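What follows is a set of notes on a single structure, which appears directly below.
For clarity, every value in this text was computed on a predicted model and none was experimentally measured. Note on naming: letters A, B, ... go to the chains in the order of the sequence lines (proteins, then strands), and numbering restarts at 1 for each one.
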Amino acid sequence: MNLLLRRHHSSLAPFNLRPTIEHDIVSLCKSNLLFDAIHLLNSIHSHKCFTKKPILYAILLQTCTKSNSFNHGLQLHSHVIKTGLETDRFVGNSLLALYFKLSSDFIETRRVFDGLYFKDVVSWTSMISGFIRVGKPRNDLYQEALGFFFSMMRKYGMSADGFTFGSVLTACGNLGRLKQGKEVHSKLITSGIHDNVVVDSSLVDMYGKCGSLDESQRVFDRMTKRNSVSWCALLGGYCQKGHFDTVIDLFRQMEEIDLYSFGTIIRACAGVFGISVLAAVPT
DNA sequence: TTAGGGTTAG
């Protein structure tokens, strides 16, 4: 047992209840002490006590993602392959999250996805949201995200959940695809997902970005619970269409205002200001 | 059950 391991044990374990090494690794991960956790893991390997607990690798991979340590993640990827744990869905999905959040190499991420033993709704949604996250200025990647969604829906027994709908509606909005957005909306209705503030805000945003303000407002009015994102999604639609007075009226009704809302309102004020400047120009 | 989600403009 190395020094780190001994130190760790003495600091965490009560006298008669010594936690397992796996437990210690999880504790280190929870405290974001990635380096120590990997060190401890490597000490197990060097003592030939090979661990095969999927939860351990899932948490280690998540800690790598959280601490932006792609290289440590790659090292763990090889452990995962050696131990045969890539068949575990939590390990597989944590691995996928590592690649799509920390690697800019889409081909590599795609390879990880293709190589997953079980592709569940989390794996598919990860790919969709991964494409959207990196695709901000790139329409082709939003397109790719939509393609993933529709392939997912064609699979037997695979159904989208709130996470999937939230992501795919964002892609529709950013592409300005009203027709596909409506298609997704109808799938959402049949899915039975109700009163999800994230999904409903994505709907408000999608309709707003597609220029369908009535629909955007209708979805917003039906929401039983709203937050600042819902409000900003609504404001954004009116702002994009140049309805600045409505934006300012709505702004006055808001109960909760954050920095993000201020961005929208400043844009609206700039629009009002632009109009008044033009009106003030002597003819 | 440890994993994946939404809003400025540039």
Whole angstrom value for the distance that separates P of B:dT7 from CG of A:Leu234: 15 Å
For atom CD of A:Gln240 and atom P of B:dT8, their distance in whole Å: 9 Å
Sugar-phosphate, base or nothing in reach of A:Gly162, heavy atoms under 4.0 Å: base
Residues that A:Leu259 engages under side chain to side chain contact (heavy atoms under 4.5 Å, CB included), provided they are two or more places apart: none
Pair up each side-chain donor or acceptor in residues 96-105 of chain A with any protein partner under 3.5 Å, not counting sequence neighbours, and list the distances.
| from | atom 1 | to | atom 2 | distance (Å) |
| --- | --- | --- | --- | --- |
| A:Tyr99 | OH | A:His77 | ND1 | 2.8 |
| A:Ser103 | OG | A:Asp105 | N | 3.0 |
| A:Asp105 | OD1 | A:Ile107 | N | 3.1 |
| A:Asp105 | OD1 | A:Glu108 | N | 3.2 |

Check: B:dG4 base within 3.5 Å donor-acceptor of A:Asp161 side chain: yes
Sugar-phosphate, base or nothing in reach of A:Ser261, heavy atoms under 4.0 Å: nothing
Sugar-phosphate, base or nothing in reach of A:Val204, heavy atoms under 4.0 Å: nothing
Salt bridge flag under 4.0 Å for residues A:Arg252 and A:Asp249: yes
A:Asp114/A:Arg110 ion pair, N-O < 4.0 Å: yes
Under 4.0 angstrom between A:Gln62 side-chain N/O and B:dA3 OP1 or OP2: yes
Rounded interatomic separation in angstrom, taking CD1 from A:Ile266 and P from B:dG10: 14 Å
Side-chain donor/acceptor contact of A:Ser126 with base of B:dG4 under 3.5 Å: no
Residues from residues 116-124 of chain A lying under 4.0 Å of DNA chain B - heavy atoms: A:Asp120, A:Val121, A:Val122
d(CZ, A:Phe251; C1', B:dT7) in whole Å: 15 Å
Nearest-angstrom distance from the residue atom CG of A:Leu96 to C1' of B:dG5: 14 Å
Quiz item: cation-pi between A:Arg226 and A:Phe220, 6.0 Å / 45°: yes
Within one Ile-Leu-Val-Met-Phe-Trp-Tyr cluster: A:Leu40 and A:Ile38, side-chain cutoff 4.5 Å: yes
Distance-only donor-acceptor test (3.5 Å): side chain A:Asn227, base B:dG6: yes
Sugar-phosphate only, base, or nothing, as touched by A:Thr170 at under 4.0 Å among non-hydrogen atoms: sugar-phosphate
From CA spacing to verdict: ring pair (Phe, Tyr, Trp, His ring centres under 6.0 Å), A:Phe131, A:Tyr142: CA-CA 6 Å; A:Phe131 278 123; A:Tyr142 286 130; over 10 Å; no
Aromatic-base stack, A:Phe90 on B:dA3, cutoff 5.5 Å, angle under 30: no
Base B:dG5 paired with A:Ser167 side chain (donor-acceptor, <3.5 Å): no
Touch class at under 4.0 angstrom, heavy-atom based, for A:Leu95 against every strand present: nothing
Length of the CD1-C1' vector between A:Ile128 and B:dG6, whole Å: 14 Å
Nucleotide nearest A:Ser94 (side chain, heavy atoms from C-beta), chosen from B:dG5, B:dT8, B:dA3: B:dA3
Selected nucleotide, minimal atom distance to A:Ile55 side chain, candidates B:dG4, B:dT7, B:dT2: B:dT2
Protein-nucleotide distance (A:Lys225, atom NZ; B:dG6, atom C1'), rounded to Å: 13 Å
Phosphate contact (B:dT8 OP1 or OP2) by A:Tyr260 side-chain N/O below 4.0 Å: yes
Aromatic centroids of A:Trp124 and A:Phe149 separated by under 6.0 Å: no
Sugar-phosphate only, base, or nothing, as touched by A:Ser202 at under 4.0 Å among non-hydrogen atoms: sugar-phosphate
Sugar-phosphate, base or nothing in reach of A:Ala58, heavy atoms under 4.0 Å: base
Phosphate contact (B:dA3 OP1 or OP2) by A:Lys101 side-chain N/O below 4.0 Å: no
Stacked cation flag A:Lys119 on A:Phe113, 6.0 angstrom / 45 deg: yes
Separation of B:dG6 C1' from A:Tyr207 OH (nearest whole Å): 16 Å
Sugar-phosphate, base or nothing in reach of A:Val199, heavy atoms under 4.0 Å: base
